[in-house]
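What follows is a single structure, written as structure tokens, with notes after it.
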Amino acid sequence: MSSARDRLLARAAREIVPGMVVNLGIGLPTQVLAHVPAGIAACLHTENGMAGIGPALPPSQADRNLIDAGGAYVSTLPGSAFFDSVTSFAMVRAGRIDLTMLGAFEVAANGDLANWKIPGKFSPGMGGGIELAQKARRVVVISTHTDRAGNPKLKSACTLPLTAAGCVARIFTDMAVVDVGPRGFELVELAEGRSLAEVADATGAPLHVPDHPIATF
Amino acid sequence: MSSARDRLLARAAREIVPGMVVNLGIGLPTQVLAHVPAGIAACLHTENGMAGIGPALPPSQADRNLIDAGGAYVSTLPGSAFFDSVTSFAMVRAGRIDLTMLGAFEVAANGDLANWKIPGKFSPGMGGGIELAQKARRVVVISTHTDRAGNPKLKSACTLPLTAAGCVARIFTDMAVVDVGPRGFELVELAEGRSLAEVADATGAPLHVPDHPIATF
Amino acid sequence: MKLPDKTTPMAQAIATIKDGDTVMIGGFGVPGTPMTLIHALVAHGARGLTVIKNDANEPGMGVDHLLQSGQVRRLITTHLGLNANAMALMNAGQIEVEFNAQGILAERIRAGGAGIGAVLSDVGIGTELEHGKQVVQLDGRPHLVQTALRADVALLHADCADGFGNLTYRATARNFNPVMAMAAQRVVVETETLVALGQIAPDAVHTPGVFVDCVVPLETLTKEYAVVER
Amino acid sequence: MKLPDKTTPMAQAIATIKDGDTVMIGGFGVPGTPMTLIHALVAHGARGLTVIKNDANEPGMGVDHLLQSGQVRRLITTHLGLNANAMALMNAGQIEVEFNAQGILAERIRAGGAGIGAVLSDVGIGTELEHGKQVVQLDGRPHLVQTALRADVALLHADCADGFGNLTYRATARNFNPVMAMAAQRVVVETETLVALGQIAPDAVHTPGVFVDCVVPLETLTKEYAVVER
């Protein structure tokens, strides 16, 4: 899904509008960094203690003391600031993060998110995910539409331990952009080359389709 | 009591031993600063956000941004640090202040301290006094032995609203050094020229006298 | 990407303040008190304010102007001892005063700024500070529930700011400014110096710009900022 | 007056650590992790430790040495995802792991460091984080009582220190170091650079020396501190 992934990341990057403070979660979300429009006036936050993330750097150019929360080497911009973990999460909990983009194991039609624990299989810990999901002003998910076995990640209800209840506003996948609305999942856009039927089939809960034409990305 | 006061302040200053972090309260205590032995390795803390207070400065040499908690202009030493009010009181409450010297309206024989409010007459607020009295590792009082009307400040029980209960370990006055011990007030030293009877008479609760000779200061 | 610019004209920065708002004001004595923003708030005229400030400055200085103009209904503070005007207003019942232990006031503001509901502290157990406070036992020992404080607006004073709102403070002018910068819906900062983005080293920032909404460069420093001759 | 000197030889700095102690260790990934102090603690040999650390580093790095040596009974952390060794030890029941939300772990340590008994937070309401936690209602909404954490010893990494223990950190190596510096009975700091008193400007200090007990200058930086090639 390499070029589909690039289109997904570029589409998700357009969610960032001028003036925002944005936190990118570990995994697909941090890859959005490379797709953010160059001139935009926005601030990327990483919970290990930095606001104003600049471009990622290869190891040969890296500063050993400057990583993002996923361990990737990043750089500063004019106006960047470093701070400790307490201050970093004060920003999160007090509502100074306008948007966070997170990965997901499951998203439910009511906006519940599960992304930190698969009991008996994978329990790495929640890191900063619970606070970001619960406290950022807007939470969107970036994920594949289905898991590796082809099962839907968008479900009528989560089966895994929750990260936060009712937190997800929008989901960006390799197949579609889907909003979580009052009626549940609502199709917003289709990935280029994907049919409505194909997406509905890969979604584990009813997918409401607007009666106007669907844009593609 | 000018020279008596100088002797009092100099005696109180000897309470500061190498390695200590010390907070000097507003009033007589801040005047101890001028009497601290020059070469001693100790750190003075002021709750408005500084550790490592240097000598007081006259207005002509003052930095408008550098005051102590009483509003006096002070200076830095090599190794001084500035910090915010939250950090300053974290030091106090977490036990990093080895000694605080406070003023008093009343001290009781059980170590209770009242120094912030005379109901109906004078209610300026407690400032940082309650936390210093309750949380510093050692609390001593520097005060006149009696109030302006000649009434004892050392009493069997406080009549004014408490600053903190059972906190005072030692009292330095213009007449004596008095410890708060298991039996109540215990005479430690006499001010030069003061008689035991005179001090006992000016003290509003029994003053226990050791059976060894009493030193003077 | 570049960081957004938040420099704002003085009048616009405080225009959102409404009657009845809660306003945090930085400073401990003269250092760190936003003297110019306070005068602007007097000129703006919003009334019935709740002001949260460590102290009431001295007569004729700083927040005293706002007390004398009758705009303050309630003052949450720690010490008024240097302002006889403020004590007279309090004693006459013209302003309501809530005293807090100084470090507890700082913690309550910090709790608001950190998205924490309250802190549990044993400070003031056995004193008047217990009055009206919820008590929770921790390990069998009583603790007071010290609830978070937040404000509609914080008015702060910085030594140096960049356009994104990264701030540095000088000496003991830091005091309550960093914590109030975390705890208000709208954070307005007057600054002695405005520098270009990148002129404050990322490791030297005291308050990250993420917390700040409006940066107001000062044109002059009035006499109120000067050394006080006593 | 002059400020006391706290420079201490490595072995002496950690000699007080006893079996069963609680040890806080700074760092988030490689930056800010006191690699050399960790090796010294492995050599020292104290067992049955409770370790409080954001993450478990990666296999063969940092706190992983202490896990592999069998000295850790219990780990209070937020994320082990980069250390399969640690997850295997946890799954085999050889170490007990308590997960905290990252910002709540930071707040609990800060509460210990600020002499606060607990913070009340709604983070994790409706999730597994509720389990075993006391609940207090604030304004009719449930909050978890997140109790303070303190340690017998904190092991920290600074970029620069003076002899009194004033510290500065570099970039994202700051992370949990400043808050752990507040929360231990004995605070031991390894530093890349030791400077004379006065060489760190008073406004530039990240952790005031008041919090620090032992300053250990590093003689060399081992490969564990270097950029990780993945």
Side-chain angles (χ1 to χ4, degrees), chain B residues 26-27 46-50 53 57-76 80 82-93 112-114 116-117 119-135 161-167, chain C residues 26-32 54-56 58 77-84 86-87 90-91 97-107 109-110 113 121-129 159 169-182 206-207 221 225-230:
Chain B
I26 299 175
T46 180
E47 60 265 36
N48 57 320
M50 181 190 192
I53 302 177
L57 295 177
S60 61
Q61 296 169 37
D63 175 343
R64 66 186 162 86
N65 288 310
L66 180 41
I67 62 173
D68 69 13
Y73 293 95
V74 292
S75 59
T76 57
S80 295
F82 299 119
F83 35 81
D84 65 16
S85 299
V86 174
T87 304
S88 191
F89 281 93
M91 293 173 183
V92 174
R93 286 188 308 266
D112 288 358
L113 173 66
W116 75 279
K117 185 174 184 178
K121 283 196 183 161
F122 184 65
S123 297
M126 70 291 284
I130 287 182
E131 284 156 295
L132 284 163
Q134 188 176 337
K135 295 294 188 179
L162 289 193
T163 304
C167 62
Chain C
F28 186 126
V30 169
N54 175 66
D55 59 274
E58 298 181 40
T77 189
T78 79
H79 195 265
L80 307 180
L82 293 180
N83 189 342
M87 291 182 66
M90 171 179 74
N91 291 337
V97 175
E98 176 190 321
F99 286 116
N100 284 247
Q102 197 166 97
I104 295 300
L105 180 64
E107 284 292 323
I109 297 167
R110 188 192 169 278
S121 166
D122 63 359
V123 166
I125 290 283
T127 77
E128 287 187 5
L129 287 185
D159 178 61
Y169 310 99
R170 280 279 300 139
T172 59
R174 197 179 312 186
N175 55 68
F176 279 79
N177 283 294
V179 74
M180 288 178 171
M182 300 163 64
H206 292 149
T207 289
L221 284 183
Y225 294 93
V227 168
V228 181
E229 306 263 355
R230 286 194 184 87

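Here is how names work: the chains are called A, B, and so on, in the same order as the sequence lines, proteins then strands, and each is numbered from 1.
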Quiz item: Quick one: does C:Val228's side chain get under 4.5 Å of B:Tyr73's, heavy atoms only?
Solution: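 Yes, at least one pair of side-chain atoms sits under 4.5 Å.
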Self-check item: Any side-chain heavy-atom pair of C:Leu221 and B:Arg64 under 4.5 Å
Solution: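 Yes - at least one pair of side-chain heavy atoms lies under 4.5 Å apart.
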So which part of [X] gets closer than 4.5 Å to some heavy atom of chain B, the side chain, the backbone, both or neither?
{"X": "C:Ala226", "result": "backbone"}
{"X": "C:Arg110", "result": "side chain"}
{"X": "C:Leu105", "result": "neither"}

Quiz prompt | Interatomic distance, B:Ser60 atom OG to C:Glu229 atom CD [nearest 0.5 angstrom] | solution =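 Reported value, rounded in 0.5 Å steps: 8.0 Å.
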Practice problem: Could you tell me the separation between the CZ atom of C:Phe99 and the CE atom of B:Met126, rounded to the nearest 0.5 Å? | Solution: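 Here the rounded value is 7.0 Å.
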[X] versus chain C, the contacting section by heavy-atom distance below 4.5 Å:
{"X": "B:Ala165", "result": "neither"}
{"X": "B:Ser80", "result": "neither"}
{"X": "B:Ala69", "result": "both"}

Self-check item: Closest heavy-atom pair and its distance - B:Asp84, C:Arg174
Solution: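 The pair with the smallest heavy-atom distance is N-CD, 3.9 Å.
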Self-check item: Residues which pass side chain to side chain contact (heavy atoms under 4.5 Å, CB included) with C:Glu98, listed by chain and number, not counting sequence neighbours
Solution: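 For C:Glu98, the residues satisfying side chain to side chain contact (heavy atoms under 4.5 Å, CB included) (neighbours in sequence not counted) are C:Arg74, C:Ile76, C:Asn100, C:Arg108.
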Quiz prompt | With sequence neighbours excluded, residues passing salt bridge (charged side-chain N to carboxylate O under 4.0 Å, His left out) with C:Asp122 | solution =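 Applying salt bridge (charged side-chain N to carboxylate O under 4.0 Å, His left out) to C:Asp122 gives B:Lys135, C:Arg141.
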